[in-house]
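For reference, the structure discussed in these notes is given below.
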Amino acid sequence: MRTATLGPAERTEALAAMAERELDVLVVGGGVVGAGTALDAVTRGLSTGLVEARDWASGTSSRSSKLIHGGLRYLEMLDFALVREALKERGLLLERLAPHLVRPVPFLYPLQHKGWERLYAGSGVALYDAMSVSSGHGRGLPVHRHLSRRGALRVAPCLRKDTLVGALQYYDAQMDDARFVTTLVRTAAFYGARAASRARVTGFLREGERVVGARVQDVETGGEYEIRARQIVNATGVWTDDTQALIGERGQFHVRASKGIHLVVPKDRIHSTTGLILRTEKSVLFVIPWGRHWIVGTTDTGWDLDKAHPAASSADIDYLLEHVNGVLATPLTRDDVQGVYAGLRPLLAGESDATSKLSREHTVAHPVPGLVVVAGGKYTTYRVMAKDAVDEAVHGLDKRVAACVTEDTPLLGAEGYKALWNARAGIAARAGLHVARVEHLLGRYGSLTEEILDLVAAEPALAAPLPAAEDYLKAEIVYAASHEGARHLDDVLTRRTRISIETFDRGTLSARMCAELMAPVLGWDSGQIDKEVEHYEKRVEAERESQRQPDDLTADAARLGAPDIVPIRP
C-alpha cells in the first residue's frame with residue numbers, strides 16, 4: 001500500500017529540508033490548485049516544496065459545493081471549451097485518479113413550460129452527455145433521461161406538483177473537497193515533495209529583479225526560514241493580489257472574490273432520491289445529496305471584507321430558503337438548518353460588475369523572473385491549472401524537464417480501492433465493525449482504510465464512534481492528527497471531518513473528546529486542550545452571531561469576534 005504521513009515530525013522535517021537547499025519549485029498556497037501544482041512538479045522529477053499559511057484547504061477549497069462537474073450552465077454561455085475540459089477531468093477523477101473520493105450523483109432539473117423548454121434544456125443536456133463521452137472518459141456515468149411530471153414526482157416527492165410539467169435527470173459527480181486536497185498533499189509528499197501547513201510567506205527574496213526564494217514564518221513556533229527556489233508558484237486563490245503585493249510589483253491581472261454560501265439540512269427534511277438543480281434570477285441553485293444530509297446552495301455576490309473567514313448573513317440564508325422553498329411541498333425553516341458555510345471564489349476581474357459574469361477560466365502569468373502566478377479556474381479543472389503553472393515555471397529552469405504525468409498518477413488510496421470495496425464484508429468481519437462503517441471508511445480513505453484499521457487493532461477503544469457525531473470513529477480523529485496534518489481542533493471538526501456543519505451543535509459537543517484524542521499525537525497538555533476547546537466554541541458562537549446579522553458588513557464584524565488560535569509556544 002502506498003502511503004505518506006503528514007504528522008508533526010514530518011512537518012518539522014519538511015521545513016528544515018526546504019531551508020537547507022535550493023528547490024526547483026516552491027508552491028505557495030495549500031488549496032486544490034497549490035496542492036495539485038506540487039504533485040505535478042514533483043512527479044516531473046523536480047525538487048518541490050509546498051507551504052500554506054493556515055490549514056490545508058482552509059480557504060476556498062473546503063467551502064465549495066462539493067461538486068466535480070462540467071458546468072452545465074456554461075453551455076448556455078457557449079463556453080464549450082471550458083465544459084469539454086471540465087468533463088474530461090471529471091471522467092479522469094471518477095475512473096482513474098480518485099475513484100475512492102469522487103462518485104456519481106444524479107440531479108433533477110424541473111421543467112416549468114411545455115414543449116420548447118424540454119427541447120431547449122434537453123438539447124443542452126444531450127450535448128453535455130455527448131461531450132462527456134467524446135472526451136474519452138465519460139462512459140462511467142448514466143446518460144440523461146426525460147421524465148413526465150409523474151415520473152419526476154416519483155423520484156422527488158418533495159416537489160410541489162404545480163411547479164413542474166416534467167423534468168430531466170442527468171448525472172455529475174461530487175467529493176469532499178477538503179479531504180480531496182489533503183489526499184493531494186499526501187500524494188505529493190509520497191513522491192518526495194516537502195509540505196508544511198501553518199507556514200506563512202512573509203516576503204520574497206530578490207536578487208536584482210529576480211525572485212529567488214521566500215521568507216517563511218512557522219506560525220506554530222514563531223521560527224523563521226529562508227527557502228530558496230529557482231521558481232516560485234503563487235497559487236493563493238483569493239489572496240493572489242495580497243501575495244503579489246509582497247514583491248512590490250503591480251500584477252498583470254487582478255482577482256475578485258465572489259461569496260457563495262451553503263446550507264446543510266438533514267436528509268429527512270427533503271424527500272427525494274435525487275439531487276435538484278433549479279434556476280434563479282442570477283444563477284442556479286443546487287440541492288445536493290451529502291450522506292445523511294442535503295447541501296443547499298449557492299449564492300454569488302461580491303465580497304471585499306475579511307478573506308479568511310467569509311461570513312454568511314441572515315439575508316444570505318433567507319435568500320436560499322426562499323428560492324428552494326419555491327419548489328418544495330414542505331418548506332424548510334431556519335430550525336431545519338444544521339450547518340452554514342461560506343466560501344469565496346477567486347474570479348479573474350473583468351469589465352462586469354456582476355461576479356456571476358466574471359470568468360471561471362484560469363490564467364497563468366510570469367510577472368517577474370522567478371515568480372509564476374496562477375489564478376481563476378474551477379475546482380474540477382485544478383489538474384489542468386497545475387499543469388499550466390508548472391509548464392510556465394519550467395521555462396525558467398535551465399534544464400530538461402519531463403512532461404506532465406498527473407493524468408496517469410492516481411491519488412493515494414485509489415490503488416486497490418475497488419478490490420477492497422468488493423471485499424468490504426470480509427474486512428468488516430475481521431475488524432469487528434459493521435459493514436456500513438467499512439463502507440464509510442473506504443469512501444473517505446480508499447485503500448488507506450487499512451491504516452485506520454491498524455489504529456483500531458492497536459487500540460480497540462478507537463473503534464467506537466464519537467458520541468455526539470456518530471458518523472465518525474474515534475480512530476479517524478487520531479488519524480487526522482497523526483497522518484493528515486491536522487494541527488488544531490478546528491482542522492479536525494471543520495475539514496478532516498464535517499462535524500461542524502453536520503450536527504445541530506456544530507461540533508461543540510464533540511470538541512473536548514476530539515481534543516483529548518488529538519493531544520497525545522500533538523503533545524498537548526491540559527492547558528492546550530482547554531484552549532483548543534475554548535477557541536472552537538468561540539468560533540461557533542461568532543459564526544452563529546454573524547448568521548443573525550442583516551448584511552455582509554455586520555456579519556463580517558460579528559465573525560471576526562473570534563480570532564484565529566495562537567498556539568502555546570513550546
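All figures in this text were calculated on a predicted structure; none of them were measured in a lab.
Side-chain atoms of L6 and E484, non-hydrogen and from C-beta on, never get closer than 4.5 Å to each other. When side chains are defined from C-beta on, V27 does not count as touching V51, because their heavy atoms never get closer than 4.5 Å. Taking 4.5 Å as the limit, every side-chain heavy atom of F286 sits out of range of all side-chain heavy atoms of V105. Using a 4.5 Å heavy-atom cutoff, the side chains of Y445 and R179 are in contact. Looking at H69 and K378, their side chains come closer than 4.5 Å, going by heavy atoms from C-beta outward. You'll find the side chain of L411 reaches within 4.5 Å of the side chain of F180, heavy atoms only. In this structure, Q169 and T274 have side chains that are in contact, with non-hydrogen atoms separated by less than 4.5 Å. In this structure, the side chains of R487 and S197 come closer than 4.5 Å at one or more pairs of heavy atoms.
At least one donor-acceptor pair under 3.5 Å links the side chain of R103 to the backbone N or O of G443. Listed for the T182 side chain is a donor-acceptor partner under 3.5 Å among the backbone atoms of A178. Checking side-chain atoms of H488 against main-chain N and O of D490 turns up no donor-acceptor pair under 3.5 Å. With D388 contributing its side chain and M385 its backbone, the two residues share no donor-acceptor pair below 3.5 Å. Of the possible polar contacts, one joining the E52 side chain to the G30 backbone as a donor-acceptor pair under 3.5 Å is found. At least one donor-acceptor pair under 3.5 Å links the side chain of E476 to the backbone N or O of L473. Between the side chain of T333 and the backbone N or O of D335 there is at least one donor-acceptor pair closer than 3.5 Å.
The number of heavy atoms from other shown groups lying within 6.0 Å of NZ (K538) does not exceed 12. Counting non-hydrogen atoms of other residues, nucleotides and ligands closer than 6.0 Å to CZ of R334 gives a total above 12. Within 6.0 Å of CZ on R544 lie more than 12 heavy atoms contributed by other residues, nucleotides or ligands.
Y472 has its ring centre less than 6.0 Å from the ring centre of H440.
Between R559 and E543 there is a salt bridge, with a side-chain nitrogen of the basic residue lying less than 4.0 Å from a carboxylate oxygen of the acidic one. With salt bridges taken as basic N to acidic carboxylate O contacts below 4.0 Å, none links D218 and R198. Salt-bridge annotation for D40 and K387: absent, with no side-chain N of the basic residue lying under 4.0 Å from a carboxylate O of the acidic one. With respect to R54 and D564, no salt bridge is recorded, no charged nitrogen being found less than 4.0 Å from a carboxylate O. Salt bridge annotation for K259-D300: absent, with no cationic side-chain nitrogen under 4.0 angstrom from a carboxylate oxygen.
Taking the six-membered ring where the residue is Trp, H100 and Y417 present tilted rings, their angle falling between 30° and 60°. Using cut-offs of 30° and 60° for the angle between ring planes, the Y479 and H483 rings count as parallel. Y341 and H262 have parallel rings, their planes meeting at less than 30° on a 0 to 90° scale where 60° marks the start of perpendicular.
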Inset, instruction - Apply salt bridge (charged side-chain N to carboxylate O under 4.0 Å, His left out) to the pair D242 and K307, showing each step before the final yes or no. - result: CA-CA 11 Å; D242 303 72; K307 296 187 182 77; 3.3 Å; yes

Inset, instruction - I would like to know whether R186 and E451 meet salt bridge (charged side-chain N to carboxylate O under 4.0 Å, His left out); could you show each step before the answer? - result: CA-CA 14 Å; R186 292 183 69 187; E451 294 184 328; 3.4 Å; yes

Legend entry - Step-by-step salt bridge (charged side-chain N to carboxylate O under 4.0 Å, His left out) determination, R495 to D177: CA-CA 9 Å; R495 286 171 290 278; D177 48 9; over 6 Å; no

Inset, instruction - Show your working on salt bridge (charged side-chain N to carboxylate O under 4.0 Å, His left out) between E541 and R548 and close with a plain yes or no. - result: CA-CA 11 Å; E541 181 48 42; R548 291 189 280 264; 3.0 Å; yes

Scan the side chains in residues 507-518 for donor-acceptor partners under 3.5 Å anywhere in the protein, sequence neighbours excluded, and list what turns up.
residue: T508; atom: OG1; partner: D505; partner atom: O; Å: 2.9
residue: R512; atom: NH1; partner: D530; partner atom: OD1; Å: 3.0
residue: R512; atom: NH2; partner: D530; partner atom: OD1; Å: 3.3

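Contact record, L320 with L263: CD1-CG, 3.8 Å, taken as the closest heavy-atom pair. Minimum heavy-atom separation, L412 to T187: N-OG1, 3.0 Å. Residues A195 and V185 come closest through the heavy atom pair CB-CG1, 3.8 Å. Residues R11 and A196 approach most closely at CG-CB, 4.2 Å, considering heavy atoms.
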